Amino acid sequence: MLVLLGLLLTSLMVHAQDDQSGHISIDCGITKGLTYTDNTTGIQYVSDADFIDSGEIHNISSVNFDTQLTTLTSFPNNTRNCYTIKPKNGKGNKYLIRANFMYGNYDFLNRLPEFDVFLGPDYWDTMKFNSSSQSRTMEIIHVLSSDYIHVCLVNRGRGTPFISAIELRQLAGDMYKETNFGSLYAATRENFGSNSSTVRYKADNYDRLWGSSPATTPDYTSIKTVNNISDGLSPNVSLPLDVMNSAVTPRNLNVSFDIEWEPFNTTDKFFIYMHFAEIASLKSNQTREFNIYLNGKLWYGPLSPLNHTTTTISSSVPEPITPKYTVTINKTKNSTLPPIINALELYVLKELPQRQTHDQDVDAIWSIKSVYRLTRNWQGDPCAPREFVWDGVRCNYDEIDMDSHRIVFLNLSTSGLKGEIDPGIAHLTMIETLDLSNNSLTGSVPDFLSGLKFLKVLNLKGNNFTGRIPKELLEKSKKGSLLLSFDGDCGTNRCGKKDKKIIVPVIATVASIFVIITALTIVWIVKKQKAHDKRKTRTGLEIKKQKFTYSEIKSITDNFKIVIGKGGFGEVYKGCIGDVEVAVKMLSKSSLQGDKEFQAEAYLLLSVHHKNLTSLVGYCVQGKHKGIIYEYMANGNLQSHLFDTSSRVLNWEERLQIACDSARGLEYLHHGCKPPIVHRDVKCNNILLNERFQAKLADFGLCRAFPTEAATHISTEVAGTPGYLDPEYYLSYRLTEKSDVYSFGVVLLVIITGQPAITRYENDNIHISRWVKVQLADGDVKNAVDPRLQGDFDSDSVLRAVELAMACVADLPNGRPTMNEVVMGLIDCLVAERARQEIKLDSLTGIESVDMETVD
Ligand SMILES: *[C@@H]1O[C@H](CO)[C@@H](O)[C@H](O)[C@H]1NC(C)=O
Ligand SMILES: *[C@@H]1O[C@H](CO)[C@@H](O)[C@H](O)[C@H]1NC(C)=O
Ligand SMILES: *[C@@H]1O[C@H](CO)[C@@H](O)[C@H](O)[C@H]1NC(C)=O
Ligand SMILES: *[C@@H]1O[C@H](CO)[C@@H](O)[C@H](O)[C@H]1NC(C)=O
Ligand SMILES: *[C@@H]1O[C@H](CO)[C@@H](O)[C@H](O)[C@H]1NC(C)=O
Ligand SMILES: *[C@@H]1O[C@H](CO)[C@@H](O)[C@H](O)[C@H]1NC(C)=O
Ligand SMILES: *[C@@H]1O[C@H](CO)[C@@H](O)[C@H](O)[C@H]1NC(C)=O
Ligand SMILES: *[C@@H]1O[C@H](CO)[C@@H](O)[C@H](O)[C@H]1NC(C)=O
Ligand SMILES: *[C@@H]1O[C@H](CO)[C@@H](O)[C@H](O)[C@H]1NC(C)=O
Ligand SMILES: *[C@@H]1O[C@H](CO)[C@@H](O)[C@H](O)[C@H]1NC(C)=O
Ligand SMILES: *[C@@H]1O[C@H](CO)[C@@H](O)[C@H](O)[C@H]1NC(C)=O
Ligand SMILES: *[C@@H]1O[C@H](CO)[C@@H](O)[C@H](O)[C@H]1NC(C)=O
């Protein structure tokens, strides 16, 4: 406890420094290269010229506004114009992103424009104005999915878009954990009891804007303290003193404090944050205690704010949608004082579902753009949204790489390129077609072009290259895997084989039409599924209440009627909340842990969300009854699909997809959660399948919540699961991420071989890794594969999977890959298997290319 306090203090001191390192403040419309420090806030602003290469700058004549609002940049020319910002800390970091707009009749037309604003590929909001002197702000809390932030203004034919300022503030990773659900659109921040101006930087290190909200009716009064307020239980929210040191309270003891609002959009889902601290000095016979109701239902309480210490109460899931929200805070019977509230934040959940282009491709294409000083309208994300894909660029929107788009086609023909071929091109690793024809490129044709594995078409004609074409390129071209065009290539014997040239594109075309059709089908299926998913989660999320009583659990499970499983922790029952099916796991043994710790852990688990992790719906803790409510997974666990003779045999692609899904879930626990979560019990039983056979990991973090079992090393009973448990554990008694990797390796071996983790053989227990080694001794990987697959798989794909699994079960933890690497490896296996299936189908469409050959 003392250590914790020490930590808090040091972090407070760090926060107290004037540190704008996580801030980027851009004043649009000031001269390129200009920077200044704002007189009132001390924030340093820079010109926007370095973040965009279009736009006209303008001044507003009035000067009664913030300096940032007196200049702006407008965009009369293209439909979409984007600012591209690459902050020092990119992907995975959390930012508050704010855009400011004031029209100010800068163009003397007196016509209020209306336009769309996008954040990267996603629609953010439509900007509208009431008057020319109205200043408007849009703000969002967003976890970057790429190293780049693009703020794009889109002209929808209702006036010229413009922008006055852009501000970026990096937030601490543990602030606003609800970003797990999506981005948070800031609806309001109220500083109750204050009548001074807006509080922001430096009072607020994160430069959130807090509007003053004094008591406005005679029923209420504002109070204020001169003392400091400690962060207390909410160090991660880090509220400014100027916000917490004032509050509003009813004058009359029996008056409640009410807040009401109506959403602009009836589909808005709200997160509510309320901040409380006792700032009056209470006599010993006084108490202040109150309940918080939302729309007439108890939301939290009773609460008795701590003396000069912040307590934050917030929604852990989005509040149920209603046309009007009413928060009522009223005193409890025992309280001798009316309620108090210091601050309120409201956020609207904004799901920004679009994927962006892979960072490596973005880096490469920006390098190409700057090296050749290209003046074409290349702005924002190269691939997304598809409506605005860059001119001359085409991308693959394949679902295999779930996280990003890849550039597969680049046409830079007749673009006035000068100098050598930019090495940046080597980083476009997925490129299939590259057209550099009719430029003034010089130097030699670089070797790295032959390293581009997927390159099928390369056009170098009409340039001034010197030296030879790299041998590998010529060989690829001879083999027919590359269609290469360059000047003066008759020195080789290629000229005599012109016919090949014709065949290749035909095959390529037929193949690519096929690929396109498959791609479209996949996209369509996935789209359908996504829509389906959304509906599912919506109903899921509407089960707002998370803490259930034992009697409610009884009614949910119809008095524990249907047992659907039995795990290390207890039995699992089927249940229903409304019309949503759930699985309820009751814990058989009383835990050593107190109720508070259990609740804290349950809360942690409730905050983890990933499509490959079973989501927790709620929990119950009442006396010795402790239970966990999960989403229901219609197809049970992987173990039964691999071993029950009654179930259909999963084919190799399905197995890989399941492995890939569960690997992603584990990857998220290790690399997407802070602090990382070690699963501790990865096994086929804990991989559940939904109605579409999408795999989700279950039971993660449970061992943290219930340390009696797997985590106590004294217990010889169950420590992980035999066969799956990291052997290193017997030496160190510690389970780490690498232990999960080991267990995952065993899962993968079980998936490949269809053998149990431990086989009994002549009074001996044989571990699956040994069994596989024995089978591989003959050098034929097929011996190790589940015979039920009947040889219907790509051997290369299987071989890679076996190698990956064997790497995961390496004896020494350091020799094992990370889950990131495992996911990448499995994607490769999946690609190989799918390619085999495409070839299988291709051979059916191959007739036309045969025709072409006979023509020659
Ligand atoms: C900021 O303060 C300086 C000195 O106090 C003053 O010269 C300058 O005009 C001020 N700038 C603005 C924009 O108010
Ligand atoms: C917009 O287009 C016009 C005419 O095409 C051109 O004169 C002007 O320079 C362009 N403005 C910007 C900001 O690119
Ligand atoms: C904006 O105002 C500044 C100072 O008042 C002036 O130097 C600048 O030329 C003006 N810019 C434009 C585009 O009018
Ligand atoms: C804009 O005007 C409408 C109607 O006059 C009003 O309801 C609304 O609150 C105004 N919006 C802002 C942001 O001032
Ligand atoms: C704020 O309120 C205090 C009393 O509560 C009052 O003395 C002060 O004048 C007010 N300030 C403003 C700017 O209204
Ligand atoms: C509040 O804290 C600051 C910094 O920790 C300190 O300088 C100041 O004296 C404190 N104020 C009071 C009233 O305790
Ligand atoms: C409300 O939000 C939904 C989804 O975000 C959107 O499709 C709809 O157009 C919005 N409606 C209004 C009136 O803005
Ligand atoms: C609390 O004690 C004070 C004297 O210390 C007394 O004046 C007041 O009436 C008491 N209040 C209540 C609610 O008992
Ligand atoms: C507090 O407000 C809620 C909701 O309006 C109401 O149901 C409850 O009876 C109130 N409690 C008291 C003690 O006034
Ligand atoms: C509450 O805290 C303030 C400031 O830290 C202190 O002056 C006051 O004595 C405390 N009041 C009680 C009742 O503990
Ligand atoms: C009210 O106070 C009494 C005496 O302090 C206590 O026994 C009782 O539990 C309290 N009731 C509530 C609802 O807190
Ligand atoms: C390329 O070569 C042609 C003819 O060989 C010459 O006219 C042209 O100037 C050269 N261009 C460059 C950029 O060197």
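None of the values given here were measured: they were computed from a predicted structure.
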Practice task
Please determine if Asp363 and Lys86 form a salt bridge, counting it only when a charged side-chain N lies under 4.0 Å from a carboxylate O.
Solution key: yes

Practice task
Please step through salt bridge (Lys or Arg N to Asp or Glu O under 4.0 Å) for the pair Lys369 and Asp53, ending with a clear verdict.
Solution key: CA-CA 11 Å; Lys369 183 182 171 184; Asp53 45 21; 2.9 Å; yes

Exercise for the section: Return yes if a side-chain donor-acceptor contact under 3.5 Å exists between Ser25 and Arg169, otherwise no. Expected result: yes

Problem - Asp435 and Lys461 ion-paired at < 4.0 Å - result: no

Handout entry: Gln68 side chain to Asp38 backbone, donor-acceptor under 3.5 Å
Key = no

Exercise for the section: Could you please spell out the steps behind the ring pair (Phe, Tyr, Trp, His ring centres under 6.0 Å) verdict for Tyr347 and Tyr176? Expected result: CA-CA 10 Å; Tyr347 293 93; Tyr176 302 103; 5.3 Å; yes

Handout entry: Verdict with reasoning, Leu171 to Ile141, per side chain to side chain contact (heavy atoms under 4.5 Å, CB included)
Key = CA-CA 9 Å; Leu171 304 180; Ile141 295 176; 3.7 Å; yes

Exercise for the section: Would you sort out whether Asp27 and Ser47 count as a side-chain hydrogen bond (donor to acceptor under 3.5 Å, both in side chains), showing the intermediate values? Expected result: CA-CA 5 Å; Asp27 185 351; Ser47 157; over 6 Å; no

Exercise for the section: May I ask you to test the Tyr206-Met175 pair for a side-chain heavy-atom distance under 4.5 Å? Expected result: yes

Handout entry: Identified side chain to side chain contact (heavy atoms under 4.5 Å, CB included) counterpart of Leu482 within the set Leu455, Val457, Leu452
Key = Leu455

Handout entry: Whether Asp381 side chain and Ala384 backbone form a donor-acceptor pair below 3.5 Å
Key = yes

Handout entry: Test item: Asp487 side-chain N/O and Gly462 main-chain N/O as donor-acceptor pair under 3.5 Å
Key = yes

Problem - side chain to side chain contact (heavy atoms under 4.5 Å, CB included) partner of Leu434, chosen from Val408, Leu428, Leu449 - result: Leu449

Practice task
Check whether any side-chain heavy atom of Asp147 lies under 4.5 Å from a side-chain heavy atom of Val362, and answer yes or no.
Solution key: no

Problem - Between Thr35 and Gln44, a side-chain donor and acceptor under 3.5 Å - result: no

Problem - His358 (side chain) donor-acceptor with Ile407 (main chain) under 3.5 angstrom - result: no

Problem - Short side-chain to backbone donor-acceptor contact, Lys350 and Trp124, under 3.5 Å - result: yes

Problem - For Trp390, all residues meeting ring-ring contact (aromatic ring centres under 6.0 Å, His included), sequence neighbours excluded - result: Trp366, Trp378

Handout entry: Partners passing disulfide (SG to SG under 2.5 Å) against Cys28 (at least two apart in sequence or in another chain)
Key = none

Problem - Side-chain donor or acceptor of Arg136 paired with backbone N/O of Lys128 under 3.5 Å - result: yes

Completion exercise
Residues at least two apart in sequence or cross-chain that pass ring-ring contact (aromatic ring centres under 6.0 Å, His included) with Tyr36, listed by chain then number, are Tyr45

Practice task
Kindly assign one of parallel, tilted or perpendicular to the pair His150 and Tyr148, based on the angle between their ring planes and the thresholds 30° and 60°.
Solution key: parallel

Practice task
Check for a donor-acceptor pair, side chain of Asn78 on one end and backbone N or O of Asn81 on the other, with a separation under 3.5 Å.
Solution key: no

Problem - Electrostatic pair Asp204-Arg208, nearest N-O below 4.0 angstrom - result: yes

Problem - Under 3.5 Å: donor-acceptor pair, side chain of Asn411, backbone of Ser413 - result: yes

Handout entry: Side-chain heavy-atom pair Arg406, Thr429 within 4.5 angstrom cut-off
Key = yes

Fill in the blank from the handout: The ring-ring contact (aromatic ring centres under 6.0 Å, His included) partners of His670 (sequence neighbours excluded) come to none

Problem - Spatial distance of atom CZ (Phe101) from atom OG1 (Thr137) [nearest 0.5 Å] - result: 8.5 Å

Practice task
Any pair with a residue in residues 153-162 that passes side chain to side chain donor-acceptor pair (under 3.5 Å), sequence neighbours left out, goes on the list, sorted by first then second residue, please.
Solution key: Glu114-Arg158, Asp116-Arg156, Arg156-Glu387

Practice task
State, with a plain yes or no, whether a side-chain heavy atom of Thr79 is found less than 4.5 Å away from one of Val154.
Solution key: yes

Problem - Distance-only polar pair, side chains of Lys202 and Thr41, donor-acceptor under 3.5 Å - result: no

Problem - Nearest heavy atoms of Tyr103 and Arg111, plus distance in Å - result: OH-N, 3.0 Å

Problem - Any side-chain heavy-atom pair of Ser415 and Arg376 under 4.5 Å - result: yes

Exercise for the section: Determine whether Pro76 and Glu56 make a side-chain contact, defined as any pair of heavy atoms from C-beta on separated by less than 4.5 Å. Expected result: yes

Completion exercise
Rounded to the nearest 0.5 angstrom, the OH-CD1 distance for Tyr185 and Ile97 is 12.5 Å

Exercise for the section: Report the distance from atom NZ of Lys418 to atom CG of Asn439, rounding to the nearest 0.5 Å. Expected result: 9.5 Å

Handout entry: Closest contact, heavy atoms only, Ile425 versus Ile421
Key = CD1-CG2, 3.9 Å

Practice task
Answer whether the closest heavy-atom distance between the side chains of Val822 and Asn820 falls below 4.5 Å.
Solution key: no

Exercise for the section: Output, in order, the C-alpha distance, side-chain angles, deciding distance and verdict of side-chain hydrogen bond (donor to acceptor under 3.5 Å, both in side chains) for Thr179 and Lys94. Expected result: CA-CA 9 Å; Thr179 47; Lys94 196 172 289 183; 3.1 Å; yes

Handout entry: Residue pairs involving residues 98-108 (criterion salt bridge (charged side-chain N to carboxylate O under 4.0 Å, His left out); sequence neighbours excluded)
Key = Arg98-Glu139, Arg98-Glu167, Arg98-Asp207

Handout entry: Asp48 side-chain N/O to Gly29 backbone N/O, donor-acceptor pair under 3.5 Å
Key = yes

Exercise for the section: Report yes or no: does Thr31 contribute a side-chain atom to a donor-acceptor pair with the main-chain N or O of Leu34 at less than 3.5 Å? Expected result: no

Practice task
For side-chain hydrogen bond (donor to acceptor under 3.5 Å, both in side chains), just list the numbers for Thr466 and Ser444, CA-CA rounded to whole Å, side-chain angles, deciding distance to a tenth of an Å, and then say yes or no.
Solution key: CA-CA 5 Å; Thr466 49; Ser444 58; 5.9 Å; no

Problem - Straight-line distance of Glu821 CD to Leu826 CG, nearest 0.5 Å - result: 12.0 Å

Exercise for the section: Check whether the ring centres of His58 and Phe162 lie less than 6.0 Å apart, and answer yes or no. Expected result: no

Problem - Sub-4.5 Å side-chain heavy-atom contact between Asn100 and Asp66 - result: no

Practice task
Grab the two heavy atoms, one from Tyr106 and one from Ser74, that are nearest each other, plus how far apart they are.
Solution key: OH-CB, 3.3 Å

